[in-house]
Undergrad: 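Once you've had a glance at the structure underneath, I'll fire off some questions.
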Amino acid sequence: MTERSATASVEVASDPATAFQVFTEEIDLWWVRNPINFWDSGRVTAMRIEPGVGGRVLEVYSGDDALELATITEWEPGARLGYRSSVDDTETRIDFAAVDGGTRVTVVQSLVRDDGKAFYFWPRVIRWIPAWVARRSTAPRTPRELDRLTIALSYDDPSAAARWLHTVFGLDSWDSIPAEGDNPSWIELNVGSAAVLLVKRTDPRPTTTDHNVWVYVDDLDAHFAQAQAGGAKILTEIHHYGYTSYEAEDLEGHHWTFAQARPTMA
């Protein structure tokens with residue numbers, strides 16, 4: 001049976017009027033350009049929200065072509081945005097409420113037909129907004145594009161793995177690091193513009209490691225010390241063979257190679 005609704009909230013360090021502006025006018029800047037985040041990733045060039053009741057939420061393609069994702073039903077700058085989906089049978093309400101230090105943005109997406117279909121993507125997507133708000137004053141006004149290479153890793157407990165990788169290996173996320181008790185269907189960590197997806201293991205644990213993940217870091221000595229202090233199993237210490245690197249094993253046996261980045265590496 002399809003769930004009747006999905007709700008998610010985040011807090012951003014801006015006033016409600018600015019948070020509303022970010023959500024609507026800057027959607028193409030905070031929306032993560034990953035192939036799984038679009039209806040037609042092979043053609044999409046932008047995301048856009050047309051202002052006012054009757055406006056549309058659009059996935060824009062080249063020329064004058066676009067896919068209408070929704071029609072705006074409520075438009076109260078600094079307070080509320082509502083729309084009726086054109087691609088499933090849901091209605092969505094986004095409320096902007098002032099809190100200490102900023103604004104709480106709350107999304108409620110609800111099924112409007114008992115026999116309808118619902119794509120409840122907001123609990124994951126809304127987590128992209130705080131990261132953009134935190135960097136929008138200094139970041140270039142261009143969308144962030146993920147690299148073409150993405151690595152997927154299976155874990156018995158992806159959320160615990162994400163917290164460990166963040167604390168011990170210093171991996172961050174354009175999204176968020178899940179807190180205790182938070183178990184999203186998948187977790188996306190980022191190294192520069194490359195993504196590492198953490199997913200729930202469905203097969204029995206393999207008897208041998210069948211992958212190796214390479215990450216370039218700015219200060220290899222400091223990173224090695226952090227990994228040691230955090231409890232990583234060091235497979236080979238720092239060594240030089242055309243490049244300088246070390247190998248380590250994480251909490252569930254995955255192998256990682258950390259190498260010294262070039263000075264000009266972005």
Undergrad: Using only atom types and a distance under 3.5 Å, with no angle test, would you say the side chain of Y246 pairs donor to acceptor with the backbone of L235?
TA: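 Checked: no pair found.
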
Undergrad: Between W128 and W174, is the gap from one ring center to the other below 6.0 Å?
TA: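 W128 vs W174: aromatic centres not under 6.0 Å.
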
Undergrad: Hey, can you tell me if F258 and W256 have their rings parallel, tilted or perpendicular (30° and 60° cut-offs)?
TA: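 Judged by the thresholds at 30° and 60°, the geometry between F258 and W256 is parallel.
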
Undergrad: Quick one about S110 and S5 (side-chain donor to acceptor, distance below 3.5 Å, no hydrogens or angles considered), yes or no?
TA: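 Per modelled atom types, S5 and S110 side chains form no pair under 3.5 Å.
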
Undergrad: Once you measure the plane-to-plane angle for W164 and F169, does it fall in the parallel (<30°), tilted (30-60°) or perpendicular (>60°) bin?
TA: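 Plane angle over 60°, so perpendicular.
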
Undergrad: With distance as the sole test, does T45 use its side chain to make a donor-acceptor pair with the main-chain N or O of V60 at under 3.5 Å?
TA: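 Present.
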
Undergrad: State yes or no: do V112 and L81 share one hydrophobic cluster built from I, L, V, M, F, W and Y residues joined by side-chain heavy-atom distances below 4.5 Å, directly or via other members?
TA: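 Different hydrophobic clusters.
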
Undergrad: Within the side chain of H166, is there an N or O that forms a donor-acceptor pair under 3.5 Å with the backbone of L171?
TA: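 Looks like yes, one N/O pair under 3.5 Å.
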
Undergrad: Any idea how W39 and F119 line up, ring-wise: parallel (<30°), tilted (30 to 60°), or perpendicular (>60°)?
TA: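 W39 vs F119 ring planes: perpendicular.
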
Undergrad: Under 3.5 Å, side-chain donor or acceptor atoms of residues 10-23 against the rest of the protein: list the pairs with distances, not counting sequence neighbours.
TA:
from : atom 1 : to   : atom 2 : distance (Å)
E11  : OE2    : R104 : NH2    : 2.9
D15  : OD1    : A17  : N      : 3.1
D15  : OD1    : T18  : N      : 3.0
D15  : OD1    : T18  : OG1    : 3.3
D15  : OD2    : T18  : OG1    : 2.9
Q21  : NE2    : E25  : OE1    : 3.4

Undergrad: Any heavy-atom pair between the side chains of L67 and D40 that's under 4.5 Å?
TA: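 In short, these two side chains do not touch, never coming nearer than 4.5 Å.
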
Undergrad: Between E50 and I72, is any pair of side-chain heavy atoms under 4.5 Å apart?
TA: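 No, their side chains stay 4.5 Å or more apart.
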
Undergrad: Between R124 and E188, is the salt bridge (Lys or Arg N to Asp or Glu O under 4.0 Å) condition met? List the steps.
TA: CA-CA 10 Å; R124 180 176 61 91; E188 185 176 292; 5.5 Å; no

Undergrad: Assess whether atom CD of E68 is packed by more than 12 heavy atoms of other residues, nucleotides or ligands within 6.0 Å.
TA: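 Check passes, neighbour count above 12.
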
Undergrad: Is H254 reaching over with its side chain to a backbone N or O of E252, donor-acceptor style, under 3.5 angstrom?
TA: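 Flag not set: sc H254 to bb E252 has no pair under 3.5 Å.
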
Undergrad: If we ignore hydrogens and angles and just use 3.5 Å, is the side chain of R56 paired with the main-chain N or O of R48 as donor and acceptor?
TA: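 No; judged by distance alone, with no hydrogens or angles, the pair does not exist.
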
Undergrad: Using a strict cut-off of less than 4.0 Å between a Lys/Arg side-chain nitrogen and an Asp/Glu carboxylate oxygen, indicate whether R201 and D156 qualify as a salt bridge.
TA: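 Yes, charged N to carboxylate O under 4.0 Å.
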
